[in-house]
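Below: one structure, written as structure tokens.
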Amino acid sequence: MRRRPLLLAGLGLALAACGALGRPAKGNGLQALAAQRGLTWGSALSLAALDQPELLTLIQHNVGAITPENALKWDATEPEPGRFSFSDADRQLAYAKRNQMTVRGHALVWHRQLPGWLESLEPTPLRQALERHVQHVASHTRGRVISWDVVNEPLDEQGHGLRRSLWLEKLGPDYIADALRWARQADPKARLLINDYGLEGDDPQTARKRVSLLTLIDQLQRDGVPLDGIGLQAHLVAPREDEPRFATLPAFLQQLRQRGLAVEITELDVSDRELPSATALRDGRVAATYGAFLRAVLPEPALKQITTWGLSDRDTWLNGAFPRSDGLPQRPLPYDANLQAKPARSSIAATLQPTEAPR
Ligand code: G3I
């Protein structure tokens with residue numbers, strides 16, 4: 001529990017309710033509950049969602065920040081060399097502004113969703129293309145984006161240093177520092193993050209990946225490279241056995257804070273792909289995983305924002321990427337495909353509620 005006496009929490013709710021915190025009252029929505037802890041609750045926003053009024057109503061009730069799910073990625077913003085296209089992104093940025101929501105930029109440099117023309121470039125023109133892309137996109141969104149996932153998933157999945165991506169192979173590790181510096185030049189006020197997954201659990205691979213990240217951070221900081229925070233994607237998997245504990249996560253977050261870094265949970269969802277078919281069992285285990293994870297991260301003073309990767313199961317990326325063996329659609333998010341609240345939503349709300357009496 002963050003060090004916030006109940007009285008102040010109540011004041012936070014009152015301010016949130018009257019919109020004094022800069023965002024409209026959201027009643028008992030997840031944003032209002034998060035605001036009691038000085039946090040923002042966000043969601044990824046797909047383009048399709050903009051044409052679903054009932055989903056937008058749910059988003060406006062629960063969310064204080066959005067992340068364009070795909071519209072700010074390289075294949076969307078620069079499909080041809082030097083030809084930029086922001087029509088989809090600007091629709092989502094305009095939606096956020098109309099609804100007093102902040103926006104997370106995602107993602108300037110990634111090894112996926114790259115346009116074909118990029119992959120064949122030799123190192124020098126590739127680095128030139130990277131500089132042009134980062135500076136053009138971050139300039140376009142300047143003042144409209146509160147934070148950027150500048151470099152997405154730079155770490156080797158197994159925890160052995162940096163991912164051997166197109167970027168590392170052709171430009172070497174300096175592509176990370178370069179991208180961060182160019183982003184700072186283009187948008188001096190945005191919070192600049194490195195964003196990655198597989199940093200949440202208590203297993204040896206996660207421990208190795210955390211060491212890789214801390215090693216990268218320490219090198220960047222020795223070199224005076226601008227880095228303001230770390231994004232933990234938190235694509236979690238509900239375990240078949242007992243409830244997950246995330247026992248080692250608080251200490252890792254403290255290591256990030258001790259380096260002066262903000263922490264954002266950037267893509268939270270809980271896959272039920274390993275669970276039996278019964279809906280009630282799946283929903284219960286998913287809810288328990290949300291609760292255990294939030295209990296592990298909410299006390300962290302460096303935590304700024306929690307974003308789920310969608311609000312409703314209807315368009316989760318998980319069904320395409322990690323389908324269940326029984327073919328059933330997954331149920332990873334707070335609301336089901338019919339926009340009905342699930343046990344996960346209750347678990348999130350209950351865990352967000354301040355419980356401590358004033359100290
Ligand atoms: O835009 C094309 C469209 O023109 C085409 O008709 C359609 C059918 O092929 O595909 C569309 O592109 C899809 C794109 O989403 C936009 O909808 C891609 O096929 C599809 O692969 C892509 O999936 C996205 C995925 O990243 C790509 O890796 C998911 O929506 C998105 O949720 C997911 O998000 C990532 C984060 O950015 C980074 N962290 C992991 C997370 C899950 O992979």
Side-chain angles (χ1 to χ4, degrees), residues 42-52 55 59 63 65-80 83-92 103-119 133-134 137 141 145 147-157 163 165-167 176 179 193-201 206 209 213 229-237 263-273 293 305-324 329-335 337:
S43 173
L45 186 69
S46 67
L47 269 182
L50 292 181
D51 302 319
Q52 298 176 38
L55 177 56
I59 288 172
V63 160
I66 61 112
T67 305
E69 187 173 6
N70 291 293
L72 280 172
K73 293 173 180 174
W74 200 314
D75 62 348
T77 55
E78 192 183 0
E80 300 301 330
R83 183 175 70 77
F84 291 88
S85 164
F86 296 108
S87 53
D88 290 344
D90 286 345
R91 279 186 67 202
Q92 294 185 304
V103 179
R104 296 198 73 257
H106 173 82
L108 291 172
V109 188
W110 192 22
H111 60 280
R112 297 182 64 181
Q113 291 182 267
L114 295 173
W117 61 268
L118 200 71
E119 319 239 1
H133 184 79
V134 170
V137 176
T141 61
V145 161
S147 60
W148 262 110
D149 294 334
V150 176
V151 184
N152 194 43
E153 303 176 7
L155 302 174
D156 172 68
E157 193 162 73
R163 178 186 296 271
S165 67
L166 159 89
W167 302 111
I176 297 170
L193 283 82
I194 289 171
N195 186 51
D196 218 321
Y197 63 90
L199 295 165
E200 300 84 16
T206 297
K209 201 163 181 180
L213 178 56
I230 296 297
L232 280 72
Q233 292 184 8
H235 289 300
L236 310 178
V237 182
V263 173
E264 295 193 31
I265 306 302
T266 57
E267 305 180 18
L268 177 59
D269 51 24
V270 180
S271 173
D272 61 19
R273 58 182 179 263
F293 177 75
Q305 173 162 332
I306 299 172
T307 292
T308 51
W309 207 238
L311 209 52
S312 153
D313 297 338
R314 66 172 50 172
D315 56 4
T316 178
W317 67 285
L318 285 165
N319 290 326
F322 295 102
R324 285 178 53 90
Q330 293 200 41
R331 298 173 60 87
L333 290 165
Y335 291 85

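Quick caveat, the model's predicted, so the values are computed rather than measured. All ligand and atom numbering here is 1-based and tracks the order in the structure.
- Asn152 CG to Thr266 OG1: the interatomic distance, rounded to the nearest 0.5 Å, is 7.5 Å.
- Residue-level contacts of ligand 1 at the 4.0 Å heavy-atom threshold are Glu69, Asn70, Lys73, His106, Trp110, Arg112, Gln113, Asn152, Glu153, Gln233, His235, Glu267, Trp309, Trp317.
- Looking at residues two or more places apart in sequence or on another chain, you find no salt bridge (Lys or Arg N to Asp or Glu O under 4.0 Å) involving Glu69.
- Tested against Glu200, the residues Leu236, Thr206, Val237 include a single side chain to side chain contact (heavy atoms under 4.5 Å, CB included) partner, Leu236.
- Inter-residue side-chain proximity for Asp196 and Glu153 is flagged as met; some heavy-atom pair is nearer than 4.5 Å.
- Remark: of the listed residues Leu333, Asp269, Asp313, Val270, Asp269 is the sole one forming a side chain to side chain contact (heavy atoms under 4.5 Å, CB included) with Leu318.
- Side-chain atoms of Thr307 and Glu264 form no donor-acceptor pair, as typed in the model, at a separation below 3.5 Å.
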